[in-house]
Each structure stands twice: as C-alpha cells, then as structure tokens.
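These notes are about the structure you will find just below.
Keep in mind the model is a prediction, meaning the values are calculated, not measured. Sequence lines set the chain letters: A, B, ... in the order given, protein chains first and strands last, and positions in each chain run from 1.
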There are 2 protein chains.
Amino acid sequence: MQNFNIKELAKALGLSTSTVSRAFRDNSDISKETKERILAKAREFNYQPNHYASNLREQRSKTIAVIVPELANNFFSQAIHGIERVARDKGYHILIYATEDDYEKEVSFIRHLHNGRADGIIMSVSGEANDHTYLNELSQKRLPLVFFDRVYEDIITPRVITNDYDSSFSATEHLIKQGCKKIAYLVINKNLSIGKFRMQGYIDALAKYEIPFDDRLVVDCTNSYAKNNLILKRLLVDVGPDGVFTSVERLAFATYYACYDLNIQIPQQLRVIGFSSLEIAPLLNPSLTTVTQPATKIGIEAANLLFKMLEAPETVDPNEEIVLNSKLIKRRSTEK
Amino acid sequence: MQNFNIKELAKALGLSTSTVSRAFRDNSDISKETKERILAKAREFNYQPNHYASNLREQRSKTIAVIVPELANNFFSQAIHGIERVARDKGYHILIYATEDDYEKEVSFIRHLHNGRADGIIMSVSGEANDHTYLNELSQKRLPLVFFDRVYEDIITPRVITNDYDSSFSATEHLIKQGCKKIAYLVINKNLSIGKFRMQGYIDALAKYEIPFDDRLVVDCTNSYAKNNLILKRLLVDVGPDGVFTSVERLAFATYYACYDLNIQIPQQLRVIGFSSLEIAPLLNPSLTTVTQPATKIGIEAANLLFKMLEAPETVDPNEEIVLNSKLIKRRSTEK
DNA sequence: CATTCTTTTGTAATCGATTACTGTATCTTA
DNA sequence: TAAGATACAGTAATCGATTACAAAAGAATG
C-alpha cells in the first residue's frame, strides 16, 4: 500500500518535494504564499511528515525513554507525569519501560535503546544490579542519561534525588520524640544507594539520642506481599518494636496489614512513619505520617536536566546533582 | 559524527551489508558460520540495527501508542502496566501520552500519530470531546485503534470495557439493602458513555426498590479538588443523602474529606461506595467498599486485541467488545 | 566432464524527508 | 540597459537498513 507522502503532496501542488519540505521547517527560504498553500493542502490530506524518514535523516528522534522499576506505584506515576509534561512542551515523545526490578530487563532495555530510538534516557534503577558497566557502553555513545531517585553511585551522570539522609534522620528523630525506643527500619534492598542513605539517617538519629543500634530491627523485605506479611508479623511478635520507619511506601502498608492481623493498635502500641507519595495518606486508618518526596517535581527536574544535556551538553556537569527536599508530614500514625 | 552502522560492520567483517543484515533476521538464507561470525562481531561493537532506518524500510514501527486521560491514577497506571507487559513480550515498545482530559491534546496526539510513529493505538478517551470525527480520519488510514474503559460510542472500533451497568446496579442495590433511602450519585462527566451506563444502573436499581429518583442527588463534579470539596459539602448539608455512590475513585476520596470536615460519620450517618482500583482500600478510615475493575487485565486484553488487529486484521470484528467483570468488595464504609 | 540444482553472498533500488548546491526569475542601481 | 543582488524553487545526494534480483561457488547427476 502506497502511503500518502511528501511526493504525492508535492505532485498535488505542482511543486517539488524540497519546497514542500521547507514549508514544514522554519529556517529555509520560501515565500509566504507558497508556504500557506502547502500547509493548507497538507491539512486537507491530513499529511504529516514521516517520522522515521525525518529522524533517519536528522539523526535524532525527539523521543526520550523513561525506565522505571514499576508503573503501578504512586511515586513513579507522579514522576512520569512530570516528565511527560516537560516532554510535551518540548515537542518530545516518551517511551516507557518497566523493569519490574529485573536486572536482565534493565540491561536489555538499555541495549535496545542504542539503536537511535531515543535521544536520551531518564531512569530510576532497579535494585538487583551489581554490574553496571553496561551503562558505560552507553556513555561511549554519549546517549544522555539522567538518574532520578534510585541511582547507581558508580555511574557518573547527572541525577535528581531527594535529601534522603536528612529526611530519614528527621523521621527517626520524630519517632524518638514521640517516645519510641525500639525503632525498626524496613527496607527492600539494603545495597541500593537509596536504602543505604536512608538507613544512615536512621542510624545517626539513634546515635544522637543514644539509642543502641540493634540489627534485629533492620529488616530486609521483598517485593512479595505474602512474604512481607510473614516477615513483619515475625518482627512484631518476636522483636516487638514500638516504632517502625519504612523506606518505601509499600512496607508502610504491609505494616498496617500486619498490625490489623495481630490486633496491634497504631499509634498506641506501634508508631509508623514511611516514605510515601500517597495522596490520600490522611484517609488511612490511622492517617499515616509520611516523608513525602516531591515526585512530580523530581520528574520535571529530571526532564529539564535531560533537555539541558540535549540542547547544550557543554553546560552540564556530569556530576551535577539536583537535591530536592522531601516533606515530613505528621499525622495520627505517630501520635503519642 | 559518523555512527557505527551496518556498513562499518560489514567492512570490519569483509562482507556486504546485505549479508550482515540477513544475520539479524531469521527468514533469509545465510550459512550458520557466517551468521555466528556476524553476530559475534556485532556484540563486540555493541551494534544494533538503526531503528529508524529499518522502520522506514519496513513501514512499521513495532511501537504502540497509549493515550490516557491521566497518569497519576491507580486505574490507568495498572492498565498501562498490563499493556506494557504484553507489548514487551511481543517485542513492542510503548509511547505514553496523557491528555489531562484536554480535548485539544487528544486531537493533537492522534494527529501526530498519523506520521507512522506507532503501528496502533490503545486509548481511554478524555471526557471533554464532542466532535470525534478526527478519529475517523484515523480509520481511513487504518491505524488500528482499541478503546478501553472510556470509549466514544459513535466511533466503531474494538473495545475492552467492564460491566458498568451491572456493577452500578449492584452497588446501588447494596446501598439500598444496607438501609439507604437517599442515595447520591457522583459523576465527573455525565455525557461520557461510562458516566451514562453507570448512572443507568443506579437509576434502575432505585426503580426496582421503588425509591423515587431525585435529580438533586445526581451531582456533576469537576477535576478540581477544591471545587469538589465545596460541591460535596453543599450536597451533604443541603440535600443530606444517607448513601453516596461515586462513579470514579477520586470522588470517593473527596466524599471522605468532606465528611471529615463536616464531622459526618461513615458509615453510621453516610454509607459510601465507589468505583476504585485502590489496592489499599482496606486501609482507609473506614475501609472503603469498592467496585473494583480488573485494571491490569483490561490493559492486557486491550493489548492482546490490538496485536490481533496488527497480526490478523481480518479476524477482528470492528464491533468486537470484550466485557470484563468488576468486583463489588464490601467493606466498612457501607456497614449497617 | 558438462549440466543442472542448491546454497551462499553481492549489487543496487528502495523507504520518505532533508538540504547543499544550482538554476531561474525578478528587482535594483549606475 | 547591463550587471549584480535577491527571492524562490528544483535536482540530486544522503541518512541506514532491507531485499529482489543477479551472480558465483559448490554439490549432485548422468
């Protein structure tokens, strides 16, 4: 099937393809009348310059790839929303990839993107990876990359993160001030930078108030709801913390469920605080005290940074790091 | 800057580009040894066939576009997750567009996609549109389109929806059985098919139990949190319903907030049920009775349907309609 | 050994848009 | 009026991969 292309349009107008092409781009010389005539005809036939032909010729795709661990997650969907807004304003399109925390998929996505499909990548890394050298292949080709939130520390590229250490310190301190003496820290992957920073804030806050660190209170959880439920119940029964600080939203929910199951009252018997982007945290039973990251803002900043790399690479320091502040929002789950 | 392309690779191997190209596609004849040799070399140089060149030549993009009203929404992020999974299995990529319920953006996205960027479209429509003819331009070009959840009734194309009428009937019936006599129905856009079907279920359930229909109880809300809060407070104070059925998740949350503000007890003074894909509905205060759509499944089915259209168009009836069942999950917000 | 068939590889046209270069028409100015 | 300037439009090469067709090499057959 023959498509309606620039040749057809040129023929219909009695012009050459070069003239028609010029009508769609601003830089070249073409008379106003001719341009109008061409654009009118194009609208009539609903003609759009073929994206693949122009990109092949121009060597850029006006597309950015967004790689995230999961989609059905408040933080990431808000961040993507921010990215999408910036991209649309710039006339860029976004490709979405979900790794589901699978290292193989992450590598495979990145490798695929070497084929010119995207001009740049915005990525929040999966937790499982150990060997990140595949990303350096990337930088050889200079495909611009921006990390957000979850980063690999050994890869040098601009990043947008939040003040995780401070937030964790404050969150832990808040629990302590509310009277907690045995505070558990729940994490999904201790090795990921984000887990480490958040944990350090927790540790240092304990130290400041001279609360001894107990590693039975640091619990490495999984992505499985059922397993987490078991792990948490065991923690609550065997170790018996009086406060819980969760490094990811999902673990705060898991804590609620475990408490419901065990008939433990929040906040009377257990105070809970967690990193979370849930907009309806006030509606929970009890309303959840959160460390809330500016998710949409993070997406916007990451996209802006990537566009800066695309438009003026020399102005971007590869070590550039934008740090946004999370907010500690106190609610009933940590009341005295 | 000269890219590393098929020519370079061919030169490095002392072969022609056609032979190299054949190594990357299964159908053609090429000796096993040569193929191995080529693939090994390609790995060494980290070569990937340029996506734009092959798509230009092959006239398909292995990409599908997903257009949704919003991203930061449980239902849509779960649906996209389902679509992404199917697409990845098929080796397809997905482009994401958020219309933010803006008709202009919807039209603009669709028009842009005429340029060969995507092989097909999966879409949940924005509510604002009245003139849908721009979609028919689409079908002239036969760019396959699948609707999911929110559809335009006047456009003939396959669709994946849920049994909204039945669900609404059941939801309303459930409220009635719990003793409600003055049930409000909250909707965002009455004209959208989804609003209509859901409303009809509500109306018919009232009729079955001989409860007179009162149009003051049907409230058209907005996308603005602040405005909805005012509208709902007015409803609760002036009209004083004893039950609320919300056609979208957000309005159930808005009802909770309004009740908190007015110190109205749920479920004692007001029972609430709503369409919602919120996974933590059990954690709300009180836990929310929901009509839960199988969001991920809807995404999977929509993607499967689109791939069927791409792979064997003749097997797909343009009027095909897949209807999945939502689940009514009873929780505390509708207890007696 | 000559002939035919099969396997493997190469040549060159093609996809659609862009743009450097070239050509033509119109306008200015001495 | 002639020479140069300016505005506009066309020709053809190019981006990188694919593939119909052609060619060459090797295998099989009488």
Using 30° and 60° as the class boundaries, would you call the ring planes of Y97(B) and H93(A) parallel, tilted or perpendicular?
perpendicular
If I take atom CD in residue Q59(A) and atom C1' in nucleotide dA17(D), what distance separates them, rounded to the nearest angstrom?
13 Å
Need one value for S54(B): base, sugar-phosphate or nothing, where a base atom within 4.0 Å counts as base even if backbone is also close, heavy atoms only.
sugar-phosphate
Relative to the 5' end of DNA chain C, which residue comes earlier, T34(B) or L56(B), by the nucleotide with the nearest heavy atom?
T34(B)
Can you tell me if S21(B) touches the phosphate of dA17(D), counting only side-chain N or O atoms and a distance under 4.0 Å to OP1 or OP2?
no
Options dA17(C), dA20(C), dT9(C), nucleotide nearest the side-chain atoms of R22(A):
dA20(C)
Holding to side chain to side chain contact (heavy atoms under 4.5 Å, CB included), I want the full list of residues that pass it with T17(B), two or more places apart in sequence or in another chain.
I6(B), K7(B), A10(B)
What is the distance, rounded to the nearest whole Å, between atom CG of N115(B) and atom P of dC15(C)?
18 Å
Phosphate OP1/OP2 of dG16(D) contacted by Y47(B) side-chain N/O (<4.0 Å)
no
Mind listing the N/O atom pairs, protein and nucleotides 12-14 of chain D, below 3.5 Å?
| residue | atom | partner | partner atom | Å |
| --- | --- | --- | --- | --- |
| dT14(D) | O2 | R57(A) | NH1 | 2.7 |

Distance in angstrom units between I38(B) CD1 and dA17(D) P, rounded
13 Å
Nearest to the side chain of S31(A) - dA9(D), dT19(D), dC15(D)?
dA9(D)
Can you tell me how far P of dA17(D) sits from CG of N5(B), to the nearest Å?
5 Å
Side chain to side chain, E301(A) and L324(A), heavy atoms closer than 4.5 Å:
yes
Verify the ring-centre separation between Y47(B) and H114(A): is it less than 6.0 angstrom?
no
Consider the side chain of A53(B), meaning its heavy atoms from C-beta on, and name the nucleotide among dG16(C), dT18(D), dG16(D) that approaches it most closely.
dG16(D)
Of the options dT11(D), dC15(C), dG10(C), whose atoms approach the side-chain atoms of S16(A) most closely?
dT11(D)
For K308(A), all residues meeting salt bridge (Lys or Arg N to Asp or Glu O under 4.0 Å), sequence neighbours excluded:
E320(A)
Value in whole Å for how far the C1' atom of dC15(C) lies from NE2 of H51(A):
16 Å
With sequence neighbours left out, the residues meeting side chain to side chain contact (heavy atoms under 4.5 Å, CB included) with N73(A) are E70(A), F75(A), F76(A)
When the distance from CZ of F24(B) to P of dT19(D) is rounded to whole Å, what number comes out?
14 Å
Residues forming a side chain to side chain contact (heavy atoms under 4.5 Å, CB included) with D89(B), sequence neighbours excluded:
none
Over how many whole Å does the gap from K35(A) atom NZ to dA7(D) atom C1' extend?
15 Å
Is the shortest side-chain N to carboxylate O distance from E58(B) to R25(B) below 4.0 Å?
yes
Rounding to a whole Å, what distance do you find between K32(A):NZ and dA9(D):P?
14 Å
If you fit an axis to the five pairs at each end of the helix from dC1(C)-dG30(D) to dA30(C)-dT1(D), how big is the angle between those two axes, to 10 degrees?
50°
H51(A) vs Y52(B) aromatic rings, parallel, tilted or perpendicular, using cut-offs 30° and 60°?
perpendicular
Are side-chain N/O atoms of S126(B) and D101(B) paired as donor and acceptor at under 3.5 Å?
no
